[in-house]
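Report on the structure given below.
A note on names: the letters A, B, ... follow the listed sequences, proteins ahead of strands, and every chain is numbered from 1. Quantities reported herein were computed from a predicted structural model and do not represent experimental measurements.
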Protein chains: 2
Amino acid sequence: MKRITIREVSEKAGVSTAAVSYVLNGRHSKVSADTIEKVQRAAQELNYIPDFSARSLANNSSKLIGVVIPQTEDRKQLLLQNPFYSELICGIESQLRQSGYHMILSGVEKGEGYLDTTMQRNLDGAIIMGVYQESFYDDLKKVNMPIVLIDSYIYDRHFHVVGIDDELGGYMAVNHLIENGHTNIALVTGTIRKDGVVEKRFLGYKRALKEAGLFYNPDHVFEHSVTYEYGYEAGKLIAAEHPEITAVFATSDQMAMGVMRGVREEGKDVPEHISVIGFDDISFARMSTPPLTTVDQDIISRGMKAADCLLSAIQNKGKELPSEPTIMPLALVARDTVRKLQ
Amino acid sequence: MKRITIREVSEKAGVSTAAVSYVLNGRHSKVSADTIEKVQRAAQELNYIPDFSARSLANNSSKLIGVVIPQTEDRKQLLLQNPFYSELICGIESQLRQSGYHMILSGVEKGEGYLDTTMQRNLDGAIIMGVYQESFYDDLKKVNMPIVLIDSYIYDRHFHVVGIDDELGGYMAVNHLIENGHTNIALVTGTIRKDGVVEKRFLGYKRALKEAGLFYNPDHVFEHSVTYEYGYEAGKLIAAEHPEITAVFATSDQMAMGVMRGVREEGKDVPEHISVIGFDDISFARMSTPPLTTVDQDIISRGMKAADCLLSAIQNKGKELPSEPTIMPLALVARDTVRKLQ
DNA sequence: ACGGTTTACTTAAACGCTTAACCTTATGAC
DNA sequence: GTCATAAGGTTAAGCGTTTAAGTAAACCGT
């Protein structure tokens, strides 16, 4: 299919290419109503479609947003199997497309090389999910474009973060267990890193215990990787060797599902013997058996919000993004994996 | 961050921009070893990053691949919550990135308007998942780029399809149930459309029954949408009103999970009272309770294969893609949802 | 009637890269 | 020594836009 250029539109309309450009970009103050009309008709009839590469070259804006998600260490594949990221992307994409932007979705090799991508592609902005090594963020700061971070506690004037109150989330989860009469509550979690989301949830766990006058027992935190598999291991361990534990708070829904399976493997049941609460409310949470009680963060809305923030930052080129993070609401959704004790 | 242009590299290296371009694009026949060396050092020291927009404009190739997945009717959001698509994308992305390509992920408004995107962005190729209205494919044919289709039985010289043998898959699933002694087997499925993947699986279902000398009972096919929710409805129905049915083949894993829940809701158990087999082997299949027996199509590999096909088609600009589809292998993975009868 | 604005366009340079065409100089065949 | 060829470079046009600067006509206040 042959490309129709602005030149051909201009000839058909009997005006200069500049006039066409003005009309097409809505600089209506520069042109008469008559010309607008002629140009629009010509463009319509020729089925003119602008070339974004040329546009990008001329005015240094590509209408392209970089979206980065973590990947597996080994096979360098996106962690998109994690519905948390999938759902975020659903939200992001729908907002971007509505505004005429497109998304370049990619992973990034151990934090290196993304600078290349952003420069090559002239990205207008980026949304970064997950946590990377420092040098990655340093690179990001160098290129002058708005950036929003998801799942990060890096507060820097270069970045805007769209987050949740993880500490509160952890607190809500554990408090729910406490309200249901549980006093020996295990924590099953990924690696607790300083200033990571997981640490905040952990802090919430401790605060809930403390406020309820319960003893924090380090032996009751099972910390490893954020996977179904580790949840399974932890679940088995808990069911087999910790008869005192009656409830577990898993810091992700997948882990919670793993815990449930591990518990069952040891001949115990959820929630009869052990109650379980997860975190995130991914779409599969409601499909688990039994349906999982969890802390819902409306993931899709969060993605949409991130996109909105980014877009508005791109629009108000001049002003910086508000440096305070945007905090999205949480809600406890009680399904069938928590039993009321006594 | 200021952009370093080819001009600056050429000045630093003391050669013309043309020479730099030749070196950087590997046209080594045109330049001496000495120049190559000088240019490479200059580029390195200046940390030169080419501008793909300019490149795209000059040689009409963007190194950008369009990836399209279906979206929900109502909210116009990607169906990325369906792990089937997520996993495909994992595979696609990893291959593309390795070859220096990037992916523009988007949905498409009821089949319209994607032509615009492809023209605007000068896409080098596209991977289309799902099924759309005819006009969409007509548009696609007009733009002259390689296209690979996933999950489609449209055989046209313009497209290459990377598929599986859905009929065989359906056959394998049902045959597995029959081998386990089941004779009253329900089918729970999305809408059966002529030449859709679902129809093929349905055909496989019928063939397996026939070959085993079993009667095909239309009352045993439960056809509606490909969702967990419908699986749930169907499961309840089956458990409550079809005591003769001992096994169900669901044409997607999500539906299978829904069936299991529905069955349980009616006080029956999987696999004790009713056996269930799914299709796809999404990552959550192994996390269900009990772990789901299903027909595995290595989804990630399929995504990778699709990307490979596309890339090689882009490379051999001239030659057309082989018009026979690429068929990926299937495997039955027996987990815990099918009971041996008697 | 005159300078000064305003309005509605057009011209042409610029964005960063590729590449066909051209220009030297060296190499070799006879 | 002459001519063809090859090797290694350079020049400059072109890709499709945008936009600053220029132009020409119309309008206006005095």
Looking only at the side chain of [X] (C-beta and beyond, no hydrogens), which of the listed nucleotides [options] gets closest?
{"X": "B/Ala54", "options": "C/dG16, C/dA8, D/dT10", "result": "C/dG16"}
{"X": "A/Arg55", "options": "D/dT17, C/dC17, C/dT11", "result": "D/dT17"}
{"X": "B/Tyr48", "options": "D/dT18, C/dC17, C/dT18", "result": "C/dC17"}
{"X": "B/Lys30", "options": "D/dG9, C/dC17, D/dT18", "result": "D/dG9"}
{"X": "B/Ser16", "options": "D/dT18, C/dT11, D/dT10", "result": "D/dT10"}
{"X": "A/Ala58", "options": "D/dT10, D/dG16, C/dC9", "result": "D/dG16"}
{"X": "A/Asn59", "options": "D/dG9, C/dC17, D/dT19", "result": "D/dT19"}
{"X": "A/Arg3", "options": "C/dT10, D/dG16, C/dA8", "result": "D/dG16"}

Exercise for the section: Look at the side chain of A/Tyr22 against the base of D/dA20 and say whether a donor-acceptor pair falls under 3.5 Å; ignore hydrogens and angles. Expected result: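 Side chain to base: pair present.
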
Would you indicate whether B/Lys305, at its atom NZ, is surrounded by more than 12 heavy atoms from other residues, nucleotides or ligands within a distance under 6.0 Å?
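For B/Lys305, atom NZ is not crowded (no more than 12 foreign heavy atoms under 6.0 Å).
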
Problem set entry | Over 12 foreign heavy atoms within 6.0 Å of CZ, B/Arg193 |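 No, because the 6.0 Å sphere around CZ of B/Arg193 holds 12 heavy atoms or fewer from other groups.
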
_First encountered from the 5' end of DNA chain C, between A/Thr17 and A/Lys38_ =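 Whichever sits nearer the 5' end wins; that is A/Lys38.
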
| request: Assign B/Ser56 to base, sugar-phosphate, or nothing according to its heavy-atom contacts below 4.0 angstrom with the strands shown. | output: nothing

Self-check item: Sugar-phosphate, base or nothing in reach of A/Thr5, heavy atoms under 4.0 Å
Solution: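 Touches sugar-phosphate only.
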
Separation of atom [atom1] in [X] from atom [atom2] in [N], rounded to whole Å:
{"X": "A/Asn60", "N": "D/dT18", "atom1": "CG", "atom2": "C1'", "value": "12 Å"}
{"X": "A/Asp51", "N": "D/dC15", "atom1": "CG", "atom2": "P", "value": "12 Å"}
{"X": "A/Arg121", "N": "C/dG16", "atom1": "CZ", "atom2": "P", "value": "17 Å"}
{"X": "B/Met119", "N": "D/dG16", "atom1": "CE", "atom2": "P", "value": "10 Å"}
{"X": "A/Phe52", "N": "D/dG16", "atom1": "CZ", "atom2": "C1'", "value": "13 Å"}
{"X": "B/Leu57", "N": "C/dC15", "atom1": "CG", "atom2": "P", "value": "14 Å"}
{"X": "B/Gln120", "N": "D/dT17", "atom1": "CD", "atom2": "P", "value": "11 Å"}
{"X": "A/Glu11", "N": "C/dT10", "atom1": "CD", "atom2": "P", "value": "12 Å"}

Checking B/His102 against A/Ser106: is there a side-chain donor and acceptor pair closer than 3.5 Å?
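Checked: A/Ser106/B/His102 side chains show no N/O donor-acceptor pair below 3.5 Å.
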
No-hydrogen, no-angle side-chain donor-acceptor test under 3.5 Å, A/Asp308 and A/Ser312: no

* For a side-chain hydrogen bond (donor to acceptor under 3.5 Å, both in side chains) with A/Ser53, tell me which candidate from B/Ser61, B/Ser56, B/Ser53, B/Ser62 qualifies. =>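 Single pass found, and it is B/Ser56.
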
**Asked** Given that A/Ser53 and B/Ala18 both sit by DNA chain D, which one's nearest nucleotide is further toward the 5' end?
**Response**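 The residue mapped nearer the 5' terminus is B/Ala18.
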
